[in-house]
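Everything below concerns the one structure shown next.
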Amino acid sequence: MYKVTYDAVKPVKPSNDLTIKEKMWLAGTVGGIAALLTSPFELISIRQSLDAQLPKAWRRNYGDPLAALDSLKKGPGLWHGASINVLRHILLNISLTGPYDWLHERLWITFGDYGHVQPLSLVFASFVASVVTLPIDNLRTRWMQRHSDPLRNRVNAPTIAQYASLTYNIEGHLYSPWVGFYTYFTYMLVYCTLTVGITDYVTTGIKRRNKLESWQI
């Protein structure tokens, strides 16, 4: 979706590339659409991952994906937690694309096409994305894991905002939304390298073969 939309918009631009702001909006939009469409499977994945932590009588035991989907239809619904899942992916794509392009462009202009330019940009973007999205990711996981029986939940609230507030008050420390930061940052760095990094490497190679510089007008 990103590539198709990018190629549709790019020819009408006066330069050979979109602006950083345009890339951020584009990445956020397609990320949100993808998150909405895949949200039921995200819900299943989270619940299956955490099922073993529950007492046996409380476990969902979804089994295969089709059985899990059928079970969700009878319970909380396929789109339970879809809104926060969409928000998480929008912020993720924006906070990766924007910082990466911003620093990569400036380092490239300052130092030229040296080997340290892309790795530094990837680390920077991964750090920003981790800071921005980890609180949403933690809240999304807890919200999607909630059971329909309130007695089986540590926290109960009718809205995501109230749930977040109650959870923060119970945990009682400033850094609770960023619990697991170093592990999440490592994951984000790998994710960023495999998406932004490889995509940039491929597109840069295409530009070079066509004798175009990365920022050439």
Euclidean distance, [Y] [atom2] relative to [X] [atom1], rounded to 0.5 Å:
X	Y	atom1	atom2	result
Asn85	Trp79	CG	CH2	10.0 Å
Leu91	Arg88	CG	CZ	9.5 Å
Trp25	Ile90	CH2	CD1	9.0 Å
Asn153	Gln145	CG	CD	8.5 Å
Ile33	Leu37	CD1	CG	7.5 Å
Leu43	Gln48	CG	CD	10.0 Å

Min side-chain heavy-atom separation [X]-[Y] under 4.5 Å:
X	Y	result
His147	Arg47	no
His89	Thr38	no
Val131	Phe185	no
Thr167	Asn138	no
Pro40	Leu69	yes
Leu54	Arg152	no
Asp101	Met24	no

Is there a continuous path of hydrophobic side-chain contacts, each under 4.5 Å between heavy atoms, that joins [X] to [Y]?
X	Y	result
Leu87	Tyr168	no
Trp58	Leu151	no
Leu134	Tyr175	no
Leu174	Trp178	no
Leu139	Val179	no

For residues Tyr184 and Tyr187, establish whether the separation of their ring centroids is below 6.0 Å.
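Distance test on ring centres: under 6.0 Å, yes.
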Donor-acceptor check, side chain of [X] to backbone of [Y], threshold 3.5 angstrom: yes or no?
X	Y	answer
Thr97	Ile94	no
Glu22	Thr19	yes
Ser130	Ser126	yes
Ser45	Phe41	no

For a quick test of reading the model, state the closest non-hydrogen atom pair linking [X] to [Y] and the distance between them.
X	Y	value
Ala82	Ser39	CA-OG, 3.3 Å
Ala157	Arg146	O-NH1, 3.2 Å
Tyr62	Ile44	CD1-CG2, 4.3 Å
Val132	Pro135	O-CD, 3.8 Å
Asn93	Ala27	ND2-O, 2.9 Å

Would you call the rings of His80 and Trp143 parallel, tilted or perpendicular, where under 30° means parallel and over 60° means perpendicular?
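The rings of His80 and Trp143 lie parallel, inter-plane angle below 30°.
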Please determine if [X] and [Y] form a salt bridge, counting it only when a charged side-chain N lies under 4.0 Å from a carboxylate O.
X	Y	result
Glu171	Arg142	yes
Lys73	Asp70	no
Arg59	Asp51	no

